[in-house]
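Throughout, numbering of the chain's residues begins at 1 and tracks the sequence. Model, not experiment: these values are computed from the prediction.
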Amino acid sequence: MIEETAIRTALGEVIDPELGVPITELGLIYRVEIADGKASVEMTTTTPVCPLGSYLEGEIERRLLAVEGIEEVDVRQVFTPPWSPEMMTDTARRMLGWQV
């Protein structure tokens, strides 16, 4: 059985290289499903034209394949709903120096 905490930890290790903040704290992960050793992830970027989308997809895949029991990863970028700063956690806001 694949532990949800292992999935969350792995995704939390993916850092947005421009902002230096985990993508989970930025609110870029919209959905994660695990079934039969396959992880399906829906994610977004801060803008639809973000040049880091494929980099983040690759990092998600790499981190999740390191989780015991995950044999396949499917990452899909979606832009609905559009990302907004309100999706960030308070931790992300603090990391960026925003008032919390």
Side-chain angles (χ1 to χ4, degrees):
M1 181 172 189
I2 300 166
E3 302 228 3
E4 184 179 333
T5 55
I7 299 297
R8 265 188 276 178
T9 299
L11 290 173
E13 293 170 350
V14 178
I15 307 298
D16 181 299
E18 287 185 325
L19 300 175
V21 177
I23 62 172
T24 51
E25 299 294 336
L26 290 171
L28 300 182
I29 301 296
Y30 284 173
R31 183 185 65 80
V32 178
E33 289 183 6
I34 308 295
D36 301 321
K38 179 179 180 179
S40 298
V41 179
E42 284 187 0
M43 53 122 0
T44 196
T45 54
T46 55
T47 68
V49 294
C50 177
L52 296 172
S54 31
Y55 167 81
L56 294 174
E57 283 183 21
E59 283 297 294
I60 289 168
E61 182 176 1
R62 185 173 71 80
R63 299 291 179 153
L64 290 180
L65 285 173
V67 173
E68 186 176 335
I70 298 292
E71 299 168 7
E72 184 181 350
V73 178
D74 176 45
V75 182
R76 199 169 73 112
Q77 286 188 53
V78 297
F79 301 103
T80 303
W83 181 86
S84 71
E86 290 79 31
M87 295 175 166
M88 292 189 301
T89 65
D90 286 344
T91 300
R93 287 182 178 84
R94 280 192 293 278
M95 292 176 79
L96 294 171
W98 295 13
Q99 294 285 342
V100 178

What I'd like to find out is whether the side chain of Trp83 reaches to under 4.5 Å of the side chain of Met43, using heavy atoms alone. no
Exercise: identify the closest heavy-atom pair between Ala39 and Leu64: CB-CD1, 4.0 Å
Side-chain touch Leu52/Thr45, heavy atoms, less than 4.5 angstrom: no
Tell me if a side-chain donor or acceptor on Arg8 pairs with a main-chain N or O of Glu3 at a distance below 3.5 Å. no
Where is the tightest heavy-atom contact between Pro82 and Tyr30, given as atom of each residue plus distance? C-OH, 3.7 Å
If I compare all heavy atoms of Val67 with all of Ala10, which pair ends up nearest, and what's the gap? CG2-CB, 3.7 Å
Contacts under 3.5 angstrom, residues 71-81 side chains, donor-acceptor by atom type, not counting sequence neighbours:
residue : atom : partner : partner atom : Å
Arg76   : NH2  : Glu42   : OE2          : 2.7
Gln77   : NE2  : Gly53   : O            : 3.4
Gln77   : NE2  : Glu57   : OE2          : 2.7

Using a distance-only test with no angle check, is there a side-chain donor-acceptor pair under 3.5 angstrom linking Glu33 and Ser40? no
Sorted by chain and residue number, the salt bridge (charged side-chain N to carboxylate O under 4.0 Å, His left out) partners of Glu68 (sequence neighbours excluded) come out as none
To the nearest 0.5 Å, how far apart are CG in Leu26 and OG1 in Thr89? 7.5 Å
In this structure, OH of Tyr55 is separated from CG of Asp16 (nearest 0.5 Å) by 9.0 Å
What verdict does the side chain to side chain contact (heavy atoms under 4.5 Å, CB included) test give for Leu28 and Val14, after you've listed the backbone C-alpha separation in whole Å, the side-chain angles of each residue and the deciding distance to 0.1 Å? CA-CA 11 Å; Leu28 300 182; Val14 178; over 6 Å; no
What I'd like to find out is whether the side chain of Glu4 reaches to under 4.5 Å of the side chain of Val32, using heavy atoms alone. no
Checking Thr9, Leu11, Thr5 against Ile7 for side-chain contact (heavy atoms from CB on, under 4.5 Å), the one that qualifies is Leu11
At what distance, to the nearest 0.5 angstrom, does OG1 of Thr24 lie from CD of Glu13? 10.0 Å
Work out which heavy atom in Ile15 is nearest to a heavy atom in Leu56; give both atom names and the distance. O-CD2, 4.2 Å
Which residues satisfy the side-chain hydrogen bond (donor to acceptor under 3.5 Å, both in side chains) test with Glu86, sequence neighbours excluded? Ser84
For the residue pair Pro22 and Gly12, what are the closest heavy atoms and their distance? CB-O, 3.4 Å
Do side-chain atoms of Arg93 reach the backbone of Met88 as a donor and acceptor pair under 3.5 angstrom? yes
